[in-house]
Amino acid sequence: MFAQDIITYMESLRNEKQRQVLMRFFKTGKGEYGEGDEFLGLKVPQTREIVKAAWKDFPLDEVPELLMSRWHEVRLCGLLILVAKFESLTPSPSPVGEGSGLQESPLSHGRGAGGEAILTMYLKYADRANNWDLVDLSVHKILGAWLMLPSSLGDRDYKIALLDSLAHSDNLWKQRMSMVCTWKTTQMGDPSWCLRYAEMHLHHPHDLMHKAVGWMLRELGKRISMDMLRDFLSLHAHEMPRTALRYAIEKMSEQERQYWLHRI
C-alpha cells in the first residue's frame with residue numbers, strides 16, 4: 001500500500017455531515033486558529049483502523065505525501081503511522097531512577113537509528129501538525145519519548161536547545177509541541193521538562209497554550225507530586241492565565257481549588 005492508495009480510500013469515506021461538524025469544532029473559519037483546514041469527515045477511530053492495517057508495510061518515504069495532504073485526517077494518518085513505526089523501532093524509556101540498560105545508547109545504531117530517522121522526519125514536517133489534535137495525538141509518543149532515551153543526535157543540552165527552538169518559534173503548533181511532549185517525560189518521572197516549558201509559556205497570549213500549560217501541570221501533580229505542583233503554583237498562581245490555573249488544579253479538592261483561584 002502506498003500514500004495515494006490511502007488517500008483515495010480515505011476520500012471514499014467522506015462524510016459531509018461529519019465534515020461540517022469537524023470544521024466548526026476545529027475552528028476553521030476566517031480568523032480562527034484552524035483557518036482554512038479541510039476535513040473529509042472521518043472520525044479518529046476510522047483513521048486508527050487504517051493505520052493499524054497499513055503501518056507495518058508502509059514505506060517511510062511515502063509518509064511525507066500523507067503529511068502534505070490538504071486533508072486533516074490524512075495528515076493525522078501520516079502522523080500516527082510515524083508514531084507506530086517509532087514505537088516499534090525504539091526501546092521503551094524507563095522511569096527515572098530505574099535501571100534500564102539504556103547506557104548502550106540504543107538510538108545510535110540498529111533499530112534505534114530507524115527511530116531517529118522517524119524523529120527527524122516528524123520534526124521536518126512539524127508545521128503539518130497544524131491543529132491541536134494532530135499535536136496531542138503524536139508529539140509525546142515521538143518527541144517526548146525521545147527526550148528520555150540516549151541519542152546519537154545529541155545530549156540533554158542538545159535536546160533542550162531543540163525544544164527551545166520549538167518553544168520560541170512563531171508557529172503556535174510548534175510551541176504547543178514543546179509543552180505537550182512533556183506529557184511523556186512526566187509519565188516517566190522527570191518533572192524538569194514540564195516545569196521548564198510551563199514557565200516559558202506562562203504568559204503566552206493564546207488560550208490553546210494556556211490549556212496546554214495547565215494540562216501538563218495537572219499531569220505533573222497527578223503522576224509525580226502534588227506538592228511539586230503546589231510549589232509551582234505558590235510561585236506563579238498570581239500571574240497565570242485563569243484557564244491555565246483552572247486546568248492545573250482540576251484534580252484538587254474544591255476547597256483547595258478555591259484557595260488557588262483566589263490567589264490571582
Side-chain angles (χ1 to χ4, degrees), residues 24-27 32-34 44-45 83 92-98 100 129 131-149 156 159-160 163-164 166-169 172-264:
R24 289 192 296 271
F25 183 74
F26 286 105
K27 307 295 185 185
E32 295 181 309
Y33 61 72
V44 172
V83 168
S92 297
S94 294
V96 171
E98 293 191 11
S100 62
N131 216 311
W132 58 264
D133 63 316
L134 303 178
V135 172
D136 297 358
L137 290 172
S138 62
V139 71
H140 62 296
K141 294 184 177 182
I142 298 178
L143 180 56
W146 172 74
L147 293 175
M148 298 296 288
L149 292 167
R156 184 180 175 91
K159 293 175 179 180
I160 290 172
L163 253 65
D164 282 359
L166 294 174
H168 294 305
S169 165
L172 172 64
W173 310 114
K174 290 181 179 181
Q175 294 166 1
R176 189 173 173 98
M177 282 182 174
S178 70
M179 191 70 248
V180 177
C181 75
T182 70
W183 192 5
K184 175 62 76 173
T185 55
T186 292
Q187 288 173 357
M188 303 314 298
D190 185 346
S192 63
W193 300 95
C194 176
L195 294 172
R196 176 181 180 85
Y197 294 98
E199 285 192 334
M200 192 173 292
H201 292 304
L202 202 61
H203 300 293
H204 197 285
H206 204 291
D207 185 64
L208 283 175
M209 288 302 297
H210 302 169
K211 292 176 180 178
V213 169
W215 171 26
M216 291 303 104
L217 287 171
R218 183 183 72 215
E219 289 296 308
L220 182 145
K222 181 173 73 173
R223 295 178 179 273
I224 296 182
S225 168
M226 288 298 290
D227 284 339
M228 190 176 292
L229 172 57
R230 292 182 181 107
D231 288 344
F232 183 92
L233 295 176
S234 293
L235 291 173
H236 299 295
H238 69 282
E239 59 180 337
M240 290 176 68
R242 198 166 185 85
T243 297
L245 181 58
R246 284 190 175 276
Y247 270 60
I249 64 178
E250 193 174 63
K251 297 299 182 181
M252 294 179 175
S253 68
E254 175 63 22
Q255 181 179 1
E256 187 169 8
R257 288 200 302 273
Q258 290 303 316
Y259 167 78
W260 291 114
L261 288 171
H262 285 92
R263 291 284 297 272
I264 295 181

Residue pair [X] / [Y], side-chain heavy-atom distance below 4.5 Å:
X      : Y      : value
Met179 : His204 : no
Leu233 : Met252 : yes
Asp136 : Trp183 : no
Pro241 : His203 : no

To the nearest 0.5 Å, what is the distance between [atom1] ([X]) and [atom2] ([Y])?
X      : Y      : atom1 : atom2 : result
Glu254 : Gln258 : CD    : CD    : 4.5 Å
Ser169 : Asp164 : OG    : CG    : 12.0 Å
Trp193 : Arg156 : CH2   : CZ    : 4.5 Å
Arg196 : Leu163 : CZ    : CG    : 8.5 Å
His210 : Leu245 : NE2   : CG    : 12.0 Å
His206 : Gln175 : NE2   : CD    : 9.5 Å

Under the side-chain contact (heavy atoms from CB on, under 4.5 Å) test, residues paired with Glu32 that sit two or more places apart:
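side-chain contact (heavy atoms from CB on, under 4.5 Å) list for Glu32, sorted by chain: Lys27.
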
If every non-hydrogen atom of [X] is compared with every non-hydrogen atom of [Y], which pair is closest and at what distance?
X      : Y      : value
Trp260 : Ser234 : CH2-OG, 3.5 Å
Ala198 : Phe232 : CB-CZ, 3.9 Å
Met177 : Leu166 : CB-CD1, 4.4 Å
Ala167 : Met200 : CB-SD, 3.4 Å
Leu229 : Leu220 : N-CD2, 3.9 Å
Leu208 : Arg176 : O-NH1, 2.7 Å

Should Met240 and Leu217 be marked as a side-chain contact (heavy atoms from CB on, under 4.5 Å) after you check the CA-CA gap, both sets of side-chain angles, and the distance that decides it?
CA-CA 12 Å; Met240 290 176 68; Leu217 287 171; 3.9 Å; yes

Pair Asp227-Ser225, side chain to side chain donor-acceptor pair (under 3.5 Å): steps then yes or no:
CA-CA 5 Å; Asp227 284 339; Ser225 168; 5.0 Å; no

With a 3.5 Å distance limit and no angle check, can you tell me whether [X] reaches the backbone of [Y] through a side-chain donor-acceptor pair?
X      : Y      : value
Arg257 : Ile249 : no
Lys184 : Leu147 : no
Arg218 : Glu250 : no
Asn131 : Asp133 : no

Please indicate whether Gln255 has more than 12 foreign heavy atoms, meaning atoms of other residues, nucleotides or ligands, lying under 6.0 Å from its CD.
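Check fails, neighbour count at 12 or below.
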
Below 30° counts as parallel, above 60° as perpendicular, anything between as tilted: where do the rings of Phe25 and Trp132 land?
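Ring orientation, 0 to 90° scale: perpendicular.
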
